Amino acid sequence: AELVDLLYWRDLQRTGVVFGASLFLLLSLSVCSIISVISYVGLALLSVTISFRIYKGILQAVQKSEDGHPFKMYLDKDVGISSELVHKYGDMALAHFNSLIKELRRLFLVEDLVDSLKFAVLMWILTYVGALFNGLTLLILGLIGAFSWPVIYEKQQAQIDHYYGLVNKQIKDVLGK
């Protein structure tokens with residue numbers, strides 16, 4: 001439900017921050033190495049927090065107040081990940097990984113000729129996609145699509161469904177012939 005609210009822009013400020021930060025990160029990765037991006041983001045975050053800490057310290061000295069550390073409530077929070085959570089998601093990831101390995105074994109060792117041929121066609125199509133785009137470009141396009149498509153569909157649902165029906169009918173007619 002939280003992801004749906006994010007993708008449908010229910011909370012504009014929160015969605016804008018998530019979308020902007022994600023897009024900035026992906027665009028940064030397309031220009032710089034991941035090490036540089038992590039270093040620059042870390043330096044920017046440190047600059048803000050150190051400046052804020054110094055500002056609050058000066059403000060406390062001038063006002064002669066004893067407010068304490070400005071990030072105290074965050075420093076007191078537990079940020080550890082529970083072992084139950086790690087086991088839960090680790091087990092889910094392991095199940096998906098094992099399923100993927102079994103499916104790839106089935107496809108590459110041609111257990112079913114038709115499925116292996118479909119997979120070969122998919123791989124052939126992906127060679128052309130790979131020649132046009134790199135993986136990062138596809139991630140950027142996917143991110144923009146994920147944040148744009150739900151809102152566009154919600155506002156233009158009748159027209160999109162109408163044209164989708166027409167295209168679907170044409171495809172069925174061609175496949176029928």
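Just so you know, these numbers come straight off a predicted model, no measurement behind them.
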Are [X] and [Y] in one and the same hydrophobic cluster, where Ile, Leu, Val, Met, Phe, Trp and Tyr link if side-chain heavy atoms are under 4.5 Å apart?
| X | Y | result |
| --- | --- | --- |
| V167 | L175 | yes |
| Y163 | I160 | no |
| L107 | L113 | no |
| I35 | L136 | yes |
| F19 | Y8 | no |

Is [X] salt-bridged to [Y], going by a charged N under 4.0 Å from an acidic O?
| X | Y | value |
| --- | --- | --- |
| R10 | E154 | yes |
| D67 | K56 | no |
| D76 | K72 | yes |
| E2 | R14 | yes |

Residues, nucleotides or ligands: over 12 heavy atoms within 6.0 Å of [X] [atom1]:
| X | atom1 | result |
| --- | --- | --- |
| I101 | CD1 | yes |
| F71 | CZ | yes |
| I34 | CD1 | no |

Rounded distance [0.5 Å steps], [atom1] in [X] versus [atom2] in [Y]:
| X | Y | atom1 | atom2 | value |
| --- | --- | --- | --- | --- |
| I38 | C32 | CD1 | SG | 12.0 Å |
| D115 | L122 | CG | CG | 12.0 Å |
| T137 | I140 | OG1 | CD1 | 5.5 Å |
| L26 | L138 | CG | CG | 11.5 Å |
| L126 | F133 | CG | CZ | 12.0 Å |
| Y89 | H96 | OH | NE2 | 11.0 Å |

*Should the ring pair F147 and W9 be called parallel, tilted or perpendicular, given that the plane angle runs from 0 to 90° and is split at 30 and 60?*
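It falls in the perpendicular class, over 60°.
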_Ring-plane angle category for F119 and F108, please: parallel below 30°, perpendicular beyond 60°, tilted otherwise._
perpendicular
Would you call [X] and [Y] a side-chain contact if the rule is heavy atoms closer than 4.5 Å?
| X | Y | answer |
| --- | --- | --- |
| K118 | V114 | yes |
| P70 | F52 | yes |
| I125 | V121 | yes |

Donor-acceptor contact present, side-chain [X] to main-chain [Y], <3.5 Å:
| X | Y | value |
| --- | --- | --- |
| S22 | V18 | yes |
| T127 | W124 | yes |
| S148 | G145 | no |
| T15 | L6 | yes |

*side-chain contact (heavy atoms from CB on, under 4.5 Å) between N168 and K172: does it pass, once the steps are laid out?*
CA-CA 6 Å; N168 204 14; K172 285 182 181 176; 4.2 Å; yes
*Do K169 and D173 pass the salt bridge (Lys or Arg N to Asp or Glu O under 4.0 Å) test, and can you show the C-alpha distance, the side-chain angles, and the key distance before you say yes or no?*
CA-CA 6 Å; K169 184 181 179 296; D173 289 346; 3.4 Å; yes
*Go through Y74 and V79 one step at a time and tell me if the side-chain contact (heavy atoms from CB on, under 4.5 Å) criterion holds.*
CA-CA 9 Å; Y74 298 111; V79 293; over 6 Å; no
*Do S36 and S33 have a side chain donor and acceptor closer than 3.5 Å?*
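Yes - a donor-acceptor pair under 3.5 Å links their side chains.
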